[in-house]
Amino acid sequence: MAIRPIIASLSRHRIAAALIVFEIALAFAIVSNAVFLIRERLQRMDIVSGVAEHELVEVQMAYIDHQPDADARARTDLAALRQIPGVRAAALIDQLPFGRSSSNGGIALHPDQQQPTVNASEYFGKNILSTLGVRLIAGRKFMPDEYIDFGAAIAALHSGNAKLLPHTVIITRGLAKRLWPGQQALGRSIYMGTAIRLQVVGIIDRLVRPNPFHDGTDYSIVLPVRVNLQDGALFVIRCASQDRERVLKAAVATLKRIDPNRVLLKHRTFDQLRREHFQNDRAMAGILVGVIAALLLTTAFGIAGLASFWVQQRTRQIGVRRALGARRIDILRYFQTENFLLATAGIALGCAAAIGINVWLMTHYAVPRLPIIYLPIGAVGLWVLGQLAVLGPALRAARVPPTTAMRSA
């Protein structure tokens, strides 16, 4: 089909054609970036934590006042929790993946290093690897005599007595690769602050940070430090997935029975914790889906409306062409080609706008660069949308009989 007559016809309707081109360009630019942002949010929500998510529940309580025997009370609480039917393991831990609280520290490779090599999240607690279900891939777990109390560690840190501080550490595979790429990490030493030298005795597969999108997804370390509720820790209990609700209720009842005077701060499954952590991401993805749907519907209705208007205006022209021997398929192709040209012009303009929007998002909101693959995919999508939107008016035009068209002149 000849393109020049179609372009000549469009040039007589410059404003309407320009509006459709601008509408397609705007839809292309926004939809391309919105789809990319949705994909980024979905990838965030699918991140692997490294723990046995469907087997964990958490309970956090707080004492009303200071308890001098907090360590003994913690041991009593844990012993009682382990007696609950269905409980496989229980521990006190300072933080959890996707939790609100986060303990972090700088890690150096040399004692006289001015700036840390990397920032890592610090997990404290006794026997937390087995409780969380974290997989040890090299080395060993902590020995019983390597654990120290959190309060003692703080006191030793303030006094500068390095002998009373932890001397061993377990790190994630990701952190090991970051610190010693291509080298063996077991037996190496890391330094925290100016007084703590830690020897790597074990490597775990994965344990993400409470905020997994800050300074490395799984740059985490586990220290042999016991904590109690006085230190703001929380109980983590592991059980079969089908027993979680029952175990959670029993755990709360058990802890309240042991000490009715403490306050229940939170109790939930790890799945609930994860959902709460990513609720903003889900909300944003939902909003973007709505924006995409609204833009595509508006664009489709705009294309269909303009095509219907042009069919009414061109009734005589269509009749003349039919009288001269044009087939229905020729009329259909005419409107489809016309729409394809408008869509192509809009997509070309939209590509530049999409890149510009992405650069602005990168500058102001640290959004990653838009992959180039989104542009051809978006172009194909809008071409298909345009052809579907114009199909109805084009079919109506193709069904106009030549004699009816001529009488309308």
Side-chain angles (χ1 to χ4, degrees), residues 48-61 70-99 101 103 121-150 168-172 201-208 210 218 220-229 231-258 264-274:
V48 178
S49 65
V51 305
E53 296 190 11
H54 306 308
E55 301 176 10
L56 299 179
V57 300
E58 73 162 308
V59 178
Q60 187 171 24
M61 290 190 166
D71 293 328
R73 286 174 175 264
R75 290 191 293 270
T76 300
D77 291 338
L78 289 172
L81 292 175
R82 293 175 183 133
Q83 295 301 313
I84 297 175
V87 172
R88 298 177 180 175
L92 272 169
I93 189 172
D94 66 320
Q95 59 186 15
L96 275 174
F98 311 131
S101 62
S103 176
S121 189
E122 304 166 342
Y123 284 87
F124 303 141
K126 186 176 182 181
N127 300 325
I128 64 175
L129 297 187
S130 57
T131 302
L132 294 178
V134 179
R135 188 164 67 96
L136 184 71
I137 60 175
R140 63 173 176 84
K141 296 182 180 180
F142 296 124
M143 305 298 290
D145 59 351
E146 291 178 322
Y147 284 95
I148 64 172
D149 292 330
F150 182 81
T168 55
V169 67
I170 295 174
I171 67 175
T172 59
V201 298
I203 300 175
I204 54 179
D205 184 28
R206 189 176 182 85
L207 180 59
V208 302
D218 63 342
S220 302
I221 64 174
V222 181
L223 293 166
V225 177
R226 287 184 295 265
V227 292
N228 57 55
L229 292 184
D231 305 318
L234 52 91
F235 292 102
V236 179
I237 305 168
R238 186 177 181 186
C239 60
S241 59
Q242 65 271 17
D243 295 333
R244 286 177 296 174
E245 294 297 334
R246 176 184 59 80
V247 168
L248 187 58
K249 293 179 181 178
V252 173
T254 298
L255 294 172
K256 291 293 287 184
R257 186 185 69 249
I258 295 173
L264 176 64
L265 298 180
K266 64 183 69 170
H267 62 293
R268 57 190 172 182
T269 66
F270 191 90
D271 288 342
Q272 292 172 328
L273 169 63
R274 185 182 184 113

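Numbers here are sequence positions counted from 1.
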Review point. Which pair of non-hydrogen atoms, one from Tyr147 and one from Lys126, has the smallest distance, and what is that distance?
Key: CE2-CA, 3.5 Å
Exercise for review: Measure the CG-CZ distance between Leu92 and Phe235 for me, rounded to the nearest 0.5 Å.
Suggested key: 4.5 Å
**Study point:** Side chains of Thr168 and Arg140 in contact at under 4.5 Å (non-hydrogen atoms)
**Key:** yes
Review point. Does any non-hydrogen side-chain atom of Val48 lie less than 4.5 Å from one of Val208?
Key: no
Practice item. Rounded to the nearest 0.5 Å, what's the gap from CZ on Arg238 to CZ on Arg244? Could you check? Key: 12.5 Å
Check your understanding: Of all heavy-atom pairs between Tyr123 and Pro210, which one has the smallest distance, and what is that distance?
Key -> OH-CD, 3.6 Å
Exercise for review: Let me see the working for Glu58 and Arg268 under salt bridge (Lys or Arg N to Asp or Glu O under 4.0 Å), right down to the final yes or no.
Suggested key: CA-CA 6 Å; Glu58 73 162 308; Arg268 57 190 172 182; 2.6 Å; yes
Review point. Is there side-chain contact between Leu136 and Lys141, with at least one heavy-atom pair below 4.5 Å?
Key: yes
Exercise for review: Would you name the heavy atoms of Arg206 and Val134 that are closest together and state the gap between them?
Suggested key: O-CG1, 3.8 Å
Check your understanding: Take atom NZ in Lys256; do more than 12 heavy atoms of anything else shown fall under 6.0 Å from it?
Key -> yes
**Study point:** Spacing of CD1 belonging to Ile84 relative to CG belonging to Leu255, to within rounding of 0.5 Å
**Key:** 7.0 Å
Exercise for review: Go through the steps for Ser101 and Gln95 under the test side chain to side chain donor-acceptor pair (under 3.5 Å), then give the verdict.
Suggested key: CA-CA 6 Å; Ser101 62; Gln95 59 186 15; 5.2 Å; no
Review point. So, the side chain of Ser220 versus the backbone of Leu207: is there a donor-acceptor pair under 3.5 Å, distance only?
Key: yes
Check your understanding: With a 4.5 Å heavy-atom cut-off, do Phe142 and Val201 have their side chains touching?
Key -> yes
Review point. Side chains of Val51 and Leu96: closer than 4.5 Å at any heavy-atom pair?
Key: no
Check your understanding: Would you find a donor on one side and an acceptor on the other, under 3.5 Å apart, between the side chain of Arg246 and the backbone of Pro85?
Key -> yes
Study note, to complete from the structure: So CG of Asp77 and CD1 of Ile258: to nearest 0.5 Å the spacing works out to 4.5 Å
Exercise for review: Could you walk me through whether Ile148 and Val225 pass the side-chain contact (heavy atoms from CB on, under 4.5 Å) test, one step at a time?
Suggested key: CA-CA 5 Å; Ile148 64 172; Val225 177; 4.3 Å; yes
**Study point:** Closest contact, heavy atoms only, Ala90 versus Leu81
**Key:** CB-CB, 4.2 Å
Revision key, fill the gap. Here the pair of heavy atoms bringing Glu53 nearest to Asp271 is O-OD1, 3.8 Å
**Study point:** Inter-residue atom distance Leu273.CG - Lys266.NZ, 0.5 Å rounding
**Key:** 8.0 Å
**Study point:** For Thr131 against Ala89, the heavy-atom pair lying closest together
**Key:** OG1-CB, 3.7 Å
Practice item. Test Gln272 against Val57 for side-chain contact (heavy atoms from CB on, under 4.5 Å), laying out the working first. Key: CA-CA 9 Å; Gln272 292 172 328; Val57 300; over 6 Å; no
Check your understanding: Do Val227 and Ile93 come within less than 4.5 Å of each other through their side chains, counting heavy atoms only?
Key -> no
Point to revise | Test item: Val87 and Val247 side chains (from C-beta on) under 4.5 Å apart, heavy atoms | key: yes
**Study point:** Between CG on residue Asp94 and CD1 on residue Ile128, distance to nearest 0.5 Å
**Key:** 7.0 Å
